[in-house]
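A short write-up of the structure that comes next.
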2 protein chains.
Amino acid sequence: MAETTETGLPRAVTVAWGMQEVPQRGPNRGLSHERIVAAAIEIADNEGLAAVTMQAVATSLGFTTMSLYRYVSGKDELLRLMQDAALAVPEQVTLPGDWREALRVWAGLVRDAFHGHPWVLGIPRGQVSVLMPNSVRAADLGLAALHDLPLDDEEKVGVILVVSQYVTSTVELELNLADEGTVAVSREGLDLLGGVVTPERFPHLAPVLQAGHFLGSEPAGAAGEGAETDYGLDADYDYGLDLIVAGLEQRVRDVSASD
Amino acid sequence: MAETTETGLPRAVTVAWGMQEVPQRGPNRGLSHERIVAAAIEIADNEGLAAVTMQAVATSLGFTTMSLYRYVSGKDELLRLMQDAALAVPEQVTLPGDWREALRVWAGLVRDAFHGHPWVLGIPRGQVSVLMPNSVRAADLGLAALHDLPLDDEEKVGVILVVSQYVTSTVELELNLADEGTVAVSREGLDLLGGVVTPERFPHLAPVLQAGHFLGSEPAGAAGEGAETDYGLDADYDYGLDLIVAGLEQRVRDVSASD
DNA sequence: CGGTATCTGTGTATGCCATAAACCGATTAT
DNA sequence: ATAATCGGTTTATGGCATACACAGATACCG
């Protein structure tokens, strides 16, 4: 159960939206939660999420550890704020007119955000709020992408959820495999696994593993050509998205037919 | 970067598969990683993931904290093992013949596993391995469900991934909303949000929020009838799954047509 | 069959980290 | 001007993961 204010909203939500009353008396404030979150994000970007400690954030700002607690109720709240701030979708996007294209572009924006700050996935789930500013912004943009679809709003929200969840999970998978695939799939580990993942025990999966699919391990191929943003799973990503789009088109046909 | 053995496989993987050499000399072992993981899971089930400390696990087994480190390299590894053990799919499932039904049943099994041990979602992502025993088991079963589909193996793996990711994310969403929806959506918070989520700034989303959709908040309705397993988002869950299935059917048609 | 290398469980110790509590000086409302 | 409030610091605490070194148990080797 997350910390909540009298309104029932999690404190992180009210803070992020600037709905917190600003004190009148007392000295001028030397910090702001924006600056704190920005500093924390920079640390996470450079040194990983584990390096984000209250102390590190505070000293990187030239303040004491405890000073942060005047702006943020605790580390949980800081993490929530970081997460939302990191997943900002660019302002002023112009989406293609065709909803299929628009949806793909939107998904790409979400995906880019994750790729820019992969440590977000290191934040425990179950603490995420749909009501944070950038979530709301992203949702609005997603609905904009689907504007011309002949579905009611509730259903569009469902689509947005499915897609964003899909994108999130795909990035998560990419990162797990980046950790694991490159090393483990080096034949050696796979052979070892072959001892336990036998065709008798796993009739359907064993052949696939043996064939070397799974894990998106291409046959070496031409690596190195602008490899920066090559996550190796682009094909799988596109495939899943195609699947969703196809399902959506079918749904549209069904709806249109029943009119 | 996760701890790896000489094989390149994460240590958690080799431990989970029992691929670790058993020592010959020395006293008889009083513990096993299975018992440790089981104890840890019990604590997590009863008191939440936060209560799972090395100390708590050890004393619940009647041993010292440090004794655990003879079986598990650290807490990270323990969490990985817990995650995999918690997400076990029942043995001896018989899947329906129709692949649509089978896929739904399979997705339901995965979903049930999460519902049984929701704390799994509290484990930071990016640490999860696809090579753990129960992941493999689940993947095998998933492929079995799709056995009759006229798609190649690689594509089926893609489908499995999409579906399991979808299920995972849906459960995550459910839990987030259970934390937040029940409390926050009590009109009061929503009104407050209305001040910032204005139709001018969020033309597409604001109406939806105002209408009370989003967050799966039904108009009160008849709650209490066997509410145990009522997560409120079943409709959304089914919807997304339908979408995927529909997409898949389309894909099958495409493939068949190009034959 | 005795010696030795090896392993297990334990006790002790360390260092990091989040956070609580009390304090001083600055600022503003009255 | 005075009092109520607030910001930032200092100091202190408790929890937690884990490194290290030890004492007894066990199995291999000659």
Side-chain angles (χ1 to χ4, degrees), chain A residues 1-3 11-12 15 18 20-37 39-40 43-44 47-82 119 122-124 127, chain B residues 1-3 11-12 15 18 20-37 39-40 43-44 47-82 119 122-124 127:
Chain A
M1 225 152 312
E3 209 162 353
R11 226 193 84 100
V15 170
Q20 213 74 22
E21 309 139 17
V22 200
Q24 296 305 331
R25 298 172 238 243
N28 295 327
R29 315 190 93 180
L31 277 174
S32 64
H33 52 87
E34 287 91 345
R35 279 187 64 201
I36 293 176
V37 169
I43 294 177
E47 309 167 52
L49 193 62
V52 177
T53 92
M54 292 289 147
Q55 187 159 269
V57 175
T59 57
S60 91
L61 287 165
F63 284 79
T64 341
T65 308
M66 290 310 293
S67 67
L68 302 187
Y69 288 86
R70 296 277 176 207
Y71 300 86
V72 161
S73 74
K75 196 177 184 183
D76 274 7
E77 190 174 305
L78 177 57
L79 287 178
R80 285 190 182 220
L81 293 172
M82 286 174 67
W119 46 263
I123 299 177
Q127 309 251 0
Chain B
M1 225 151 312
E3 209 162 351
R11 227 193 84 99
V15 171
Q20 214 74 22
E21 309 140 17
V22 199
Q24 297 305 334
R25 301 170 230 238
N28 295 327
R29 315 190 92 180
L31 278 173
S32 64
H33 52 88
E34 286 93 344
R35 280 187 64 199
I36 293 175
V37 169
I43 294 177
E47 309 167 52
L49 193 61
V52 177
T53 94
M54 292 289 146
Q55 188 158 244
V57 175
T59 55
S60 91
L61 288 164
F63 284 79
T64 339
T65 309
M66 289 309 294
S67 67
L68 303 187
Y69 287 87
R70 296 280 176 206
Y71 301 86
V72 160
S73 75
K75 195 176 185 183
D76 275 6
E77 190 174 304
L78 176 58
L79 287 177
R80 286 189 182 218
L81 294 173
M82 286 173 67
W119 46 262
I123 299 178
Q127 308 250 6

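All chains are named by letter (A, B, ...) in the order of the sequence lines, taking the proteins before the strands, and each is independently numbered beginning at 1.
Take the nearest nucleotide of DNA chain D for A:T65 and for A:G26: the residue whose nucleotide is more 5' is A:G26. Mapping A:R25 and B:Q24 onto DNA chain C by nearest heavy atom places B:Q24 closer to the 5' end of the strand.
The interatomic distance linking B:H33 (NE2) with C:dG9 (C1') rounds to 18 Å, in whole Å. To the nearest angstrom, P of C:dA18 lies 15 Å from CD of A:E77. Summarising the geometry, the separation between CG on A:N28 and C1' on D:dG7 is reported as 10 Å, rounded to the nearest angstrom. D:dA17 atom P lies 10 Å from atom CG of B:L68, rounded to whole Å. If you measure from atom CE of A:M66 to atom C1' of C:dA22, you get 11 Å, rounded to the nearest angstrom. Rounded to an integer number of Å, the gap from A:L31 CG to D:dT9 C1' is 13 Å. In this structure, A:I36 atom CD1 and D:dG7 atom C1' are separated by 12 Å, rounded to whole Å. Rounded to an integer number of Å, the gap from A:Q55 CD to D:dT9 C1' is 14 Å.
Taking 3.5 Å as the limit, the base of C:dG9 and the side chain of B:R70 contain a donor-acceptor pair of atoms between them.
Remark: the backbone N or O of A:A56 is paired with a side-chain donor or acceptor of A:T53 at under 3.5 angstrom. Checked by atom type and distance alone, the side chain of A:Y71 never pairs as donor or acceptor with a backbone atom of A:I36 at under 3.5 Å.
Residue A:M54 is in sugar-phosphate contact alone, with no base atom involved, counting any heavy-atom pair closer than 4.0 Å across all strands shown. Residue A:Y69 is classed as a base contact, given a heavy-atom separation below 4.0 Å to a base. Contacts of A:S67 with the nucleic acid, taken as non-hydrogen atoms under 4.0 Å apart, include base atoms.
Of all heavy-atom pairs spanning A:E47 and A:A51, the tightest one is CB-CB, 3.5 Å. Nearest heavy atoms, A:A12 versus A:L81: O-CD2, 3.6 Å. Summarising the geometry of B:G122 relative to A:P124, their closest heavy-atom pair is O-CB, 3.3 Å, with the distance given to 0.1 Å.
No side-chain heavy atom of B:V15 sits less than 4.5 Å from a side-chain heavy atom of B:R80.
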What's the verdict on side chain to side chain contact (heavy atoms under 4.5 Å, CB included) for B:V72 and B:V37, showing C-alpha distance, side-chain angles and the deciding distance? CA-CA 9 Å; B:V72 160; B:V37 169; 5.6 Å; no
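Here the nucleotide nearest the side chain of A:P27, chosen from C:dG25, C:dG9, C:dC7, is C:dG25.
Contact between the side-chain N/O atoms of A:T64 and the OP1/OP2 oxygens of D:dT9 is found at a separation under 4.0 Å. Contact annotation: B:R29 side-chain N/O to C:dT8 OP1/OP2 distance is under 4.0 Å.
Comparing the start and finish of the helix from C:dC1-D:dG30 to C:dT30-D:dA1, five pairs each, the helix axis swings through 10°, to the nearest 10 degrees.
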